[in-house]
S.K.: 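Below are the structure tokens for one structure; questions will follow.
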Amino acid sequence: MPNRPQPMFPEHDTQAFWDAAKTSQLTYQVCKDCSTVVFSPRAHCTDCGSENLDRRVSKGAGTVYTYSVVRQNRVPAFAEMGAYAVAYVDLDEGFRMLTNIVGVGDPTKDVHIGQRVQVEFEAQDSGEYPIPVFRPV
Amino acid sequence: MNQARNAAIVGLYEWPKRVDPDVSAMEIKALSIHRALEDAGLKWSDVDGLYDANDGEGGGGLGLAPYLGLHPRVIDTTSVGGTSYEFQVAHALRDIAAGRVNVAVLSYGSKAASQRIPIGTGGPRGAGNWQANMENPYGSTLISNYAMVAMRHMHEYGTKSEQLAEIAVTTRAHAMRNPQAVQAMQDLQFMNIREITVADVMESRVIADPLHLLECCMVSDGGGALVLASPEIARGTKKKPVWVIGSGEAIQYKRNGGDITTSAAAQSGPRAFAEAGVAPSEIDIAMIYDSFTITVAVMLEDLGFCKKGEVGDFVTGQNLRWDRPGLTLNTDGGGLSSNHPGMRGLFLLLEATRQLRGESTSQVAGAKLAVAHGNGGMLGSTHAGGTVILAAD
């Protein structure tokens, strides 16, 4: 199993996101006052400053906005992975997240901008939080 | 248009060695300040404004003044990564124009090469904060962060790796004319220390798709200092003043639905040009932060030197070399081939000033106007853009 760096707590803004990840839920926020989609998680609306945010569960379907394939990373957990794809994925609900694209034969050839992907929660060798990553559909 | 003359760069010093085991980062800062003041013909005790990016070891707001032995009236610790110095020049301009400062000093010192800090391919940053908790699990290196901008730029506009490579070819040509840059490449054990070709860049190994090794800046030691002064003082310094006629500051970051190919320069640039009362087409020298080729490409567009999406054609054919007509880019050799100790923004200002003094190793005859545009943080996510426009006396 992979052994990625875990989120570290106490950290109030991201605690609920990672707690939801434990039950395979990818969450985002919507402002109750102006309907702006807020991500990454925080306590206020980035468009109007409102403190009234609704936390919702994403369907986890999205599109690769851009990506790169990392060939060199000195951190042991990533050095052991070989080449891997980092990406920004635009979720259908309107938020963009940094992630990895997994489940491809050769990330230098099999990942594309515009590709449709679906979230999955990757269990880790150590640490309690599974990491949401995306796989082409 | 008549440009305001409220503050000038009057002294500078660039630390010559890019690998220097015999000096600390704080020593680089202090000695550079002393030598920059000598360059201006000013005294240690003349300094009444201190600007510091919290670099070095034991510097910062509570560290640098006691280390230097100064009692400045203004202490500004603006720290926005590599472009801290463009922001600080903007603040020094404001402070001098307001009469709060007469002689302002900026400094930088870093031992990134000697300490073998893996800036581009290193580990997680800022553990346990709102950004790090969403990013660190994914292993996006600094280089892949920038590479994602390049990938999207290529997708949107058809930009080619061969076109981005032209930027590295141009800066290497300038580096080969700069003895300190040549020494840097020797000390850092570069292979093939010579002018390079587009093919050389394309054949160098990929670090993070689509960026090749020769599209990435070096990691060096280094530093330097810059002295700014009021018009009254600038008229009496040793060398001709170089006037700060405009500045702009901005932050950009990852936004839902945002365009990753447009940087903070699209905000800071127009602010600086408006303040200066000049147009991009009038600029002779562009000193643009070349952490990577894509950084320069995006900023040439965002600063208005060419239209968004057209930078590939703009840089093709080595048009930005010092010996070609029109705009000239990064005449010291840049971060790609001269020095990059982590925060390169100061060197942009140093070389822009040397050009307007007529002191560059790739001197453009009659250079009158220069832009220094720095980038701090990460182009593909949160970054700062600082634009400074300079005019010869």
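Every heavy atom of this structure was used, including side-chain atoms; hydrogens, water molecules and symmetry mates were not. From a predicted model like this one, the values you see are computed outputs, not experimental measurements. Order of the sequence lines fixes the chain letters, A, B, ..., with proteins taken first and strands second; residue numbering starts at 1 for each chain.
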S.K.: Please report the shortest heavy-atom distance between A:Val86 and B:Ser140, naming the atom on each side.
M.R.: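 Looking at all heavy atoms of both residues, the shortest contact is CG1-CA, 3.9 Å.
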S.K.: Roughly how far apart are A:Thr14 OG1 and B:Trp130 CH2, rounded to 0.5 Å?
M.R.: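 Reported value, rounded in 0.5 Å steps: 10.5 Å.
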S.K.: Checking B:Arg255 against chain A: side chain, backbone, both or neither under 4.5 Å from a heavy atom?
M.R.: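 The answer is the backbone of B:Arg255.
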S.K.: At what distance, to the nearest 0.5 angstrom, does CD of A:Gln6 lie from CG of B:Asn136?
M.R.: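 Reported value, rounded in 0.5 Å steps: 11.5 Å.
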S.K.: Minimum heavy-atom separation for B:Arg152 and A:Tyr65, please, with both atom names.
M.R.: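 So the two residues come closest at NH1-O, 2.8 Å.
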S.K.: Any idea which heavy atoms bring A:Tyr84 and B:Gly139 closest together, and the distance?
M.R.: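 Looking at all heavy atoms of both residues, the closest pair is OH-O, 2.6 Å.
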S.K.: Just so I understand: if I count every heavy-atom pair under 4.5 Å between each of A:His12, A:Met81, A:Glu11 and chain B, which residue has the most?
M.R.: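 Going by pairs under 4.5 Å, I would pick A:Glu11.
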S.K.: Which heavy-atom pair separates B:Asn256 from A:Gly94 by the least distance, and what is that distance?
M.R.: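 What the structure gives for the nearest pair is CB-O, 3.3 Å.
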S.K.: With a 4.5 angstrom heavy-atom cut-off, is it the side chain or the backbone of A:Ala85 that approaches chain B, or both, or neither?
M.R.: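 For A:Ala85, no heavy atom lies under 4.5 Å from chain B.
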S.K.: Quick check: are there more than 12 heavy atoms from other residues, nucleotides or ligands sitting under 6.0 Å from NZ of B:Lys307?
M.R.: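 For B:Lys307, atom NZ is not crowded (no more than 12 foreign heavy atoms under 6.0 Å).
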S.K.: Supply the atom-to-atom distance B:Asp209 CG to A:Lys109 NZ, rounded to the nearest 0.5 angstrom.
M.R.: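 One finds 10.0 Å between CG of B:Asp209 and NZ of A:Lys109.
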S.K.: Among A:Arg42, A:Gln15, A:Arg96, which residue forms the greatest number of heavy-atom pairs with chain B at distances under 4.5 Å?
M.R.: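 Heavy-atom pair counts peak at A:Arg96.
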S.K.: Which heavy-atom pair separates B:Met134 from A:Pro41 by the least distance, and what is that distance?
M.R.: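 Nearest pair, atom of B:Met134 first, then A:Pro41: CE-CD, 3.8 Å.
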S.K.: Which value, rounded to the nearest 0.5 Å, describes the distance between A:Tyr88 atom OH and B:Met151 atom CE?
M.R.: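 If I round to the nearest 0.5 Å, the distance is 14.0 Å.
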S.K.: Atom CG in B:Leu211, atom OG in A:Ser68: separation rounded to 0.5 Å?
M.R.: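 Here the interatomic distance stands at 7.0 Å.
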S.K.: Of the listed residues (A:Asp13, A:Val70, A:Asp90, A:Thr99), which shares the most heavy-atom pairs with chain B below a 4.5 Å separation?
M.R.: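 The option with the most such pairs is A:Thr99.
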S.K.: Is the NE2 atom of A:His112 crowded by more than 12 outside heavy atoms at less than 6.0 Å?
M.R.: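 Yes, NE2 of A:His112 has more than 12 neighbouring heavy atoms, counting only those of other groups under 6.0 Å.
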S.K.: What's the shortest heavy-atom distance between B:Tyr138 and A:Asn100, and which atoms?
M.R.: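 Closest approach of B:Tyr138 to A:Asn100, heavy atoms only: O-ND2, 3.0 Å.
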S.K.: For A:Pro2, is it the side chain, the backbone, both or neither that has a heavy atom under 4.5 Å from a heavy atom of chain B?
M.R.: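 Contact with chain B is absent: no heavy atom of A:Pro2 under 4.5 Å.
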S.K.: Rounded to the nearest 0.5 Å, how far apart are CG of A:Leu98 and OG of B:Ser381?
M.R.: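 Answer for the CG-OG pair, A:Leu98 versus B:Ser381, is 8.0 Å.
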